[in-house]
Amino acid sequence: HVQLQASGGGLVQAGGSLRLSCAASGRAFSRFAVGWFRQAPGKEREFVGVVTHYAESVKGRFTISRDNAKSTVYLQMNSLRPEDTAVYYCAARDRGYYYDEKAYDYWGQGTLVTVSS
């Protein structure tokens, strides 16, 4: 079992960059896979990516990495667009499809990213 906390959100201009962090506490963090999801205003929560796979909407712009020694997963966001505006969540799972939010057992509180035009 782990607890997750997403941070690093804020206001950024279109075309800019932002790095989000997902800090974990608890046992055996390295045994869990971590994914990122986001929820834009008025829309359903959607899959963003894991280390090995990304949504088509962010592929080539976002990069996910993890540092097990620091119990942290990062989401590097480049070339941001206004449509990237959303609350971003990190979540952990130990089984199931990586793109299925129902497969994730543990969720952070989310951090808001606002991209201005």
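Throughout, residue positions are numbered sequentially from 1 according to the sequence presented.
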### Asp100 side-chain N/O to Tyr97 backbone N/O, donor-acceptor pair under 3.5 Å
no
### Message
With rounding to the nearest 0.5 angstrom, report the CZ to OG distance, Arg61 to Ser79.
### Response
7.0 Å
### Task
For Phe37, enumerate each residue passing the ring-ring contact (aromatic ring centres under 6.0 Å, His included) test, keeping only those at least two apart in sequence or located in another chain.
Phe47, Tyr104, Trp107
### Summary
Heavy-atom closest pair (Ala6 atom, Gln109 atom, distance to 0.1 Å) is O-NE2, 2.8 Å
### Task
Calculate, to the nearest 0.5 Å, the distance between atoms SG and CZ belonging to Cys22 and Arg66 respectively.
9.0 Å
### Query
Is there a side-chain contact between Arg38 and Ser57 (heavy atoms, below 4.5 Å)?
yes
### Query
Are any non-hydrogen side-chain atoms of Glu101 and Arg45 less than 4.5 angstrom apart?
yes
### Task
Would you check, one step at a time, whether the test side chain to side chain donor-acceptor pair (under 3.5 Å) holds for Thr72 with Asp67?
CA-CA 5 Å; Thr72 302; Asp67 186 340; over 6 Å; no
### Query
Given the rule in the side-chain contact (heavy atoms from CB on, under 4.5 Å) test, do Ser17 and Gln76 qualify, once you have shown the distances and angles that lead to the verdict?
CA-CA 8 Å; Ser17 298; Gln76 179 66 47; 4.0 Å; yes
### Query
When you measure from the centre of the six-membered ring of Phe32, is the NZ or CZ of Arg93 under 6.0 Å away and within 45° of the axis?
no
### Message
In this structure, is the centre-to-centre distance between the rings of Tyr98 and His53 below 6.0 Å?
### Response
yes
### Query
Are any of the side-chain heavy atoms of Gln39 and Tyr89 separated by less than 4.5 Å?
yes
### Message
Other members of the hydrophobic cluster containing Val115, with the 4.5 Å side-chain heavy-atom rule, please.
### Response
Val12, Leu18, Leu20, Phe29, Val34, Trp36, Val48, Val51, Tyr54, Val58, Phe62, Ile64, Val73, Leu75, Met77, Leu80, Tyr88, Val113
### Summary
Between Thr111 and Gly9 the two heavy atoms that sit nearest each other are OG1-N, 3.0 Å
### Query
More than 12 heavy atoms of other residues, nucleotides or ligands under 6.0 Å from CD of Glu44: is that the case?
no
### Summary
In short, Ala92 meets Val2 closest at the heavy-atom pair CB-CG2, 4.0 Å
